[in-house]
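First up is the structure itself, then whatever we jot down about it.
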Protein chains: 2
Amino acid sequence: MQNVVALKRTNASEQVAEAVRAMIVDGRLAEGERINEVRLSTALGVSRTPLREALGRLAAEGALTSAPNLGYFVRPLTLEEFEDVYGLRPILDPEALRLAGLPSPERLARLEALNRDLAKARTPEEAIALDDAWHLELLADCPNRLLLEMIGNVILRTRRYELALMRETVNVLNATGEHDAILAALGASDLDGACRALKRNMQSGREPILAWLSERAPNPKADPRP
Amino acid sequence: MQNVVALKRTNASEQVAEAVRAMIVDGRLAEGERINEVRLSTALGVSRTPLREALGRLAAEGALTSAPNLGYFVRPLTLEEFEDVYGLRPILDPEALRLAGLPSPERLARLEALNRDLAKARTPEEAIALDDAWHLELLADCPNRLLLEMIGNVILRTRRYELALMRETVNVLNATGEHDAILAALGASDLDGACRALKRNMQSGREPILAWLSERAPNPKADPRP
DNA sequence: ATTCTGCATACTGTATACAGTATGCGCAGC
DNA sequence: GCTGCGCATACTGTATACAGTATGCAGAAT
């Protein structure tokens, strides 16, 4: 693992966790797939020990599931997890915004710039990354770091669903209008209105994914064991 | 936490994680204490590998912190974490109750019984355990299991603070009245009123701990490195 | 042809060995 | 006496070895 840029971080398992997390959210590890520890560890250039520690952390985060004597599996995309994960953001995000308070002019300008970039995004990956960045920027002043951490985790879990939908159906995320509404309220110093608009924004992404999920019936070729 | 039923416990690291988690919340491992992996693993009768996997999970849960090349430390009780953790429950719990809806008569009866037991509790440990059980029972019908899991984790993190306060000052938790108010609203089918009362209940425990925390200045004898 | 049984194989779970880094103490130098 | 350097020690981070369990296949029995 010495080929990784700078060894500022002495910790291999941390880097491995990051790498595997990325492989999961962008689909290089398919949903339901069983993790072969030997293959994956050699592919990453580390031994099984740090890989397993990383897998354990990812399981705690919800990206993986584990089955005794079978090992780890990439968590399948299910209606149940989707309902849970998407049900949380309309709760968490508005509260975080309320705690963050009205944004500074600089932050407001960055939010508007990000939103313009989002309108110009062409690939699903780009659009989702910019949308996520916009929301994290919106909440950056929230003093409750634990709440922010939870939101970050929830964002990662939603990303898999959004990516899967956008790749299978050419549905392009169009949240710039909703973002504008939030920014307008913030510009008018209407924090409460912004929270309400944010809540609506967090609920609106739900329907298309829900429809797609419930119509694709059983999981494609995923190992359904966990 | 997420393994509610666990049919077959073949897994050592899981049991180790549970054991160490208990040692942390009830104070057998002091706040800020550095974890000696060799000592702890032999004390638990396992090797370092499963212990380390457990420690990694506990770090992900927030019970431990890790420092490169120094290992794991029991997370110290800090004002910052306290504000974060206690700030979350007034957000999460009422939303979970709203999703759970009005309780069945059986659940209502169990809640009243638990509350009577709580009124008779004599030790801090007993009172806290009953209070936690009451809240989990209140929210048991919440369909969002992920939200429940988060609340469970937050409860564990608050428990350390409540225990520490009650052991150092003879302050006895007295939440039965607030619980009664919630139950009264639920009995009158006033879900919204119950949610508001629950929010107040979640905020009221804050002040005494806050006062105690800010007056005890620097950490007692804890290693402040992490 | 089908089903059951036993074996070979592959992979996980755990223990242990080894290397690299932080830490504390003693000793030299001032 | 005080400070700085260097070595000894202890502990973490990682690799590897070993044991136990699940899985798939082949061959026998029906």
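So you know, we letter chains A, B, ... as the sequences are listed, proteins then strands, and number each from 1.
Residues A:Arg206 and A:Glu83 form a side-chain contact, since some pair of their non-hydrogen atoms from C-beta on lies under 4.5 Å apart. Looking only at side-chain heavy atoms (C-beta outward), A:Ile24 and A:Arg21 stay at 4.5 Å or farther from each other.
Residue pairs meeting the ring pair (Phe, Tyr, Trp, His ring centres under 6.0 Å) criterion with at least one member in residues 17-52 of chain B, sequence neighbours excluded, do not occur. The stretch residues 123-153 of chain B participates, sequence neighbours left out, in these ring pair (Phe, Tyr, Trp, His ring centres under 6.0 Å) pairs: B:Trp134-B:His179, B:His135-B:His179.
Residue A:Glu53 contributes atom CD, which lies 14 Å from atom P of C:dG13 at whole-angstrom precision. Rounded to whole Å, the distance from CG on B:Leu40 to C1' on D:dC11 is 14 Å. Residue A:Glu37 contributes atom CD, which lies 16 Å from atom P of D:dT14 at whole-angstrom precision. Atom-to-atom, OH of B:Tyr72 to P of D:dC11 comes out at 17 Å; the value is rounded to the nearest Å. When rounded to the nearest whole Å, the span between CZ of B:Arg34 and C1' of D:dG13 equals 13 Å.
The phosphate of C:dG13 has neither OP1 nor OP2 within less than 4.0 Å of any side-chain N or O from B:Ser13.
With D:dA15, C:dC11, D:dT12 as the choices, the nucleotide that has an atom nearest any side-chain atom of B:Arg52 turns out to be D:dT12. The side chain of B:Leu70 lies closest to C:dA22, out of D:dC11, C:dA22, C:dT14.
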Each nucleotide N or O in nucleotides 16-21 of chain D that has a protein N or O under 3.5 Å away: list the pair and distance.
from: D:dT16; atom 1: O4; to: A:Thr49; atom 2: OG1; distance (Å): 3.2

